[in-house]
Every structure is written in structure tokens, then in C-alpha cells.
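Chain identifiers are assigned alphabetically (A, B, ...) following the order of the sequence lines, protein sequences preceding nucleic acid strands; residue numbering begins at 1 within each chain.
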Amino acid sequence: MLTLNLIREKRDFVIERLKIKNFDAAPLVDRVLELDLRRRETQKESDALLAEQNKISKEIGMLIKSGDSAGAESARAKTASLKEESRRLAEKLAALDEELRTELVKIPNLPHASVNPGKGAEDNFKVREGGTAVELPADALPHWELIKKYGIIDFELGIKLTGAGFPVYKGKGAKLERALINFFLDEGEKAGYLEILPPIVVNEDSGFGTGQLPDKEGQMYHVTADNFYLIPTAEVPVTNIYRDVILNSEDLPVKNMGYTPCFRREAGSWGAHVRGLNRLHQFDKVEIVQIAHPEHSYEALEEMVSHVEGLVRKLDLPYRIMRLCGGDMSFTSALTYDFEVWSGAQKRWLEVSSVSNFESFQANRLKCRFREKGEKQNRLVHTLNGSALALPRIVAAILENNQTKEGIRIPEVLVKYTGFGIID
RNA sequence: GGAGAAAUGGCAGAGUGGUCGAAUGCGGCGGUCUUGAAAACCGUUGUCCCGAUACCUCGGGACCGGGGGUUCGAAUCCCUCUUUCUCCGCCA
């Protein structure tokens with residue numbers, strides 16, 4: 001959510017910047033400004049009326065104390081019409097407030113100055129690439145065949161237990177999953193992130209805090225009996241820790257990470273290109289989150305990008321880093337880098353991480369602020385997060401790229417976690 | 001799941017209808033004293049919204065777990081939800 005101040009002071013700038021995201025903000029922005037104006041006028045009226053009532057009430061108190069019951073009675077009579085009017089104004093104010101907020105949350109975050117215009121994935125800017133190209137024989141198998149061949153991940157069993165998109169990991173498949181999680185967490189700890197093991201169901205407030213609600217409701221599994229939501233990412237609980245929190249500037253940056261299973265309904269987004277592990281309803285992910293000082297958030301973003309780059313390098317996967325264009329960016333992001341790894345048998349790039357700076361957009365919703373030493377005014381923090389990493393596509397790439405006649409070779413760094421060097 | 005008690009500022013803890021945004025203590029910040037520090041003493045100390053502004057502040061409004069109600073007036077009374085504690089039941 002953008003701050004009202006920004007929209008008030010820089011209307012044209014906001015509209016101009018959002019064109020980069022292919023978003024025509026003018027009607028919404030003007031609607032917001034109009035509602036804001038009406039809201040402030042209404043509050044002014046309402047406050048004046050309340051002030052008068054407060055004054056009379058105090059007078060009544062004093063009249064009663066001095067024994068002037070007739071005076072008190074006549075003062076009391078004056079309040080009836082005031083009360084009626086201020087009740088009406090309070091309702092109007094609440095309605096305007098709600099409408100204003102409803103419109104305000106529809107405006108996307110402004111893209112950072114470095115973001116290129118563009119329509120979609122084809123316009124993303126390749127920042128750099130790395131790793132060594134894989135050369136597989138012509139009869140190399142895609143991962144959905146490999147997992148059957150070695151009996152390590154069972155989709156049919158998942159369908160029996162739950163439904164499509166809920167695979168069952170078995171034996172070395174389960175161990176590989178666990179190894180990756182531990183590897184990612186250990187690397188994160190070395191980079192200074194505090195491990196958080198949060199609840200994986202959250203309440204409505206948390207859903208609102210990080211922006212999944214009210215719009216992306218259909219993407220989350222909803223536990224209706226208790227009105228909880230299964231988290232689509234650890235970002236939700238880990239970031240909501242700081243909802244309604246005022247930090248001290250010397251506590252910044254806060255660096256947290258969390259491993260959680262993630263649940264996504266992915267309604268209507270299935271097809272041939274999302275076979276096997278490419279898209280799931282439940283998957284594992286380690287997420288890194290930073291709460292940063294506004295003046296240092298882009299340094300934090302670079303730091304996070306190089307952390308994620310270190311992970312794919314250590315796993316020896318060919319990768320590229322893309323800076324998303326305006327049209328491919330999420331609603332909430334100011335700048336996003338996507339990591340893609342090369343999947344040798346599918347012969348395509350798979351997105352495995354998305355690292356973003358949300359600047360104060362998320363913080364404004366969360367009401368997460370910080371206090372600068374010696375300053376009176378609290379300011380909004382900047383929030384950032386990134387996958388480090390999402391497991392299924394990493395598993396897919398490892399299985400495909402490392403297949404040999406003898407079996408699937410486990411990357412060197414993982415062997416101490418798996419306890420075996422080959423899946424055969 | 002059943003019965004009872006409770007929820008107040010960063011923390012502890014007063015306050016049961018009227019100058020209460022809230023005593024007091026601790027903590028924090030500033031100062032005096034000191035070579036420095038501690039102690040002592042003095043001062044200060046929440047958040048949000050609206051308005052004014054000579055940018056130092058000033059005025060108004062809201063907030064005592066959340067929501068609703070009674071009243072001229074609510075931290076205080078009533079309803080409701082949530083959470084915590086104690087006892088019972090159940091349980092990994």
C-alpha cells in the first residue's frame with residue numbers, strides 16, 4: 001500500500017512511474033485524492049463537534065459538583081442534537097475511511113528507477129549467468145521419468161492420499177529433500193540470518209499484513225472452521241512478526257529466515273509446461289527476509305542476491321539472474337531479481353527464486369516502523385524477501401542435469417547431508 | 001471440552017462513572033555533580049488522525065485486549081469475541 005502522503009504530494013510522479021508496470025493509475029489516484037479530501041473535511045467537522053460535546057460534558061460535571069442541577073439539566077438538553085449529528089458524521093467518516101482504503105490497496109507499488117518497461121518475461125533483463133553448461137545424451141530423461149525409475153518421488157500415491165500436486169517423497173528422495181533444506185538453512189545461518197520455525201497456518205490479520213488478502217484469497221487454502229489460511233510462503237508468518245512493531249534504527253537490518261512447507265491452490269494454472277515438480281500444491285522452501293533501513297535497502301537486496309547466487313553455484317547448477325521488467329513484476333515489488341536454473345532434459349529455464357525489495361509498500365500495510373535516534377517522527381521500514389531456495393525445481397534440475405548411466409550424482413556440498421553420493 | 005479469575009503505557013502496577021492519556025516504581029533519554037563512571041538529585045518519556053506553524057512547536061480528535069451498547073460524560077457499568085491464568089476432563 002502506497003502512503004497517502006506520497007500520492008498527495010507527487011500525484012503525477014506516481015501515475016508516470018506506474019506506466020512502467022503497464023498500469024493506468026490516473027483514475028484510481030484521482031479517486032483516492034478525492035476520497036482523501038472528503039475524508040479530511042469530514043473529520044474536521046466531526047472533531048469540532050466532538051470537541052464541543054466534550055466541553056459541555058465537562059461543564060455538566062462541574063455544575064453538578066457545585067450543586068446547580070437546573071444548569072446541568074439545561075446543558076444536558078443541548079447535547080441531544082449534537083450527539084445525533086456526530087453519530088451521523090462518525091458513520092460517514094468510517095465509510096469514507098473504508099472506501100479510501102479499498103481504493104488505495106488497488107494501487108501497485110512504484111517500480112524502482114532501474115526497472116525497464118516491458119510486457120512480460122521476454123522483456124526481462126539478464127543481469128548475468130553462471131555455472132557450466134550441461135551436456136546430456138539424447139536419451140536423457142525428464143525428472144518425472146527419473147523419479148519413477150528410481151522410486152524416489154511418487155505422484156500417484158500423493159493423488160491417493162490427497163490429490164494432484166501433492167507428491168510423496170520416499171527413501172533417497174525424502175533424504176535429498178531434507179538435505180537441501182538443511183543445506184539452505186546452514187548457509188543462511190552463515191550469512192547472518194536467524195532461523196524461524198513459524199506456524200504454517202495464519203489468521204486473517206496476517207493474510208492482510210503481507211497482502212495475500214483480500215485479493216489473492218483464491219490462491220490460499222482456507223481452513224474455514226477456524227478461519228485460518230495455509231501459508232503460500234514463509235514470508236507471511238516471518239514478515240508478520242513485525243506487524244504493528246516499532247523498531248529502533250540500531251536493530252536494523254533484521255535478518256530472518258524460515259523453512260516451511262508452502263501451500264498454493266494454483267487455481268487454473270495447469271498444463272503441459274507444469275508437469276512433475278514444476279508446479280505443486282505443496283512444496284518446501286527456505287525464505288530469507290530482511291527488514292532494512294530505507295537508506296540501505298538496496299544494499300540489502302544486492303546482499304540477498306549474492307547469497308542466493310552462492311547457493312546455486314555451490315549446487316553446481318547453470319543459472320541466470322534476471323531483472324524483471326515492469327510488466328512481469330508483482331503488484332507489491334519495487335525491484336525483483338529472478339533466479340532461473342537450467343533444466344537439462346526439459347531444455348528450459350526454471351524459476352527457483354525471486355528476490356524483491358518492497359520498499360515501504362508492505363511496511364505501510366504492516367505498520368512496521370522504526371525510530372531513528374534523536375528523531376521524533378517514526379518512519380516506515382523497507383522490507384525484502386527472497387527464496388533461498390524453493391526446492392522442487394532445484395530437485396528437478398539436480399535430477400535431470402546429474403543423471404548418469406550409474407545413477408543420479410548428488411552435488412558435492414550435499415553429500416554430508418544426504419549420507420550418499422548417488423541415487424541408483 | 002466444563003467451571004472460575006483476569007487483560008491498563010517498554011516492564012511492573014494503581015485507578016470501579018466527571019479536568020484520567022491515566023498515580024507510583026523500574027527502564028529509556030537529557031542535565032547537574034565527576035578526570036571518567038557509579039550513586040544521588042532535577043527534568044523528560046506512547047501511538048495514530050486532522051488543523052495551524054516563525055519547523056521550535058501549538059490546538060483539536062481518537063486510542064486502557066478487539067467489537068458493540070448504556071450515559072451529558074466510560075479505563076471504570078452491560079453484552080460479545082479473543083487471549084492468558086487456576087482447577088477438572090482429554091491428550092502427543
Close side-chain approach of E52(A) to L82(A), heavy-atom, < 4.5 Å: yes
Touch class at under 4.0 angstrom, heavy-atom based, for I64(A) against every strand present: base
Pairing partner of G27(B) (Watson-Crick or G-U wobble, both distances under 3.5 Å): U45(B)
Touch class at under 4.0 angstrom, heavy-atom based, for T79(A) against every strand present: sugar-phosphate
K172(A) to Y150(A) six-membered ring, cation-pi geometry met (6.0 Å, 45°): no
Assigned partner base of U83(B), Watson-Crick or wobble definition, under 3.5 Å: A6(B)
Cationic N near anionic O, under 4.0 Å, E98(A) to R101(A): no
Pair E372(A), H293(A): side-chain N/O donor-acceptor within cut-off below 3.5 Å: yes
R371(A) side-chain N/O to G28(B) phosphate OP1/OP2 under 4.0 Å: no
Residues in contact with RNA chain B, drawn from residues 203-210 of chain A - heavy-atom cutoff 4.0 Å: none
Residue matched to G73(B) through Watson-Crick or wobble contacts both under 3.5 angstrom: none
Letter per nucleotide, 5' to 3', of nucleotides 48-66 of chain B [B base touched, S only sugar-phosphate touched, - untouched; heavy atoms, 4.0 Å]: SBSS-----S--BSS----
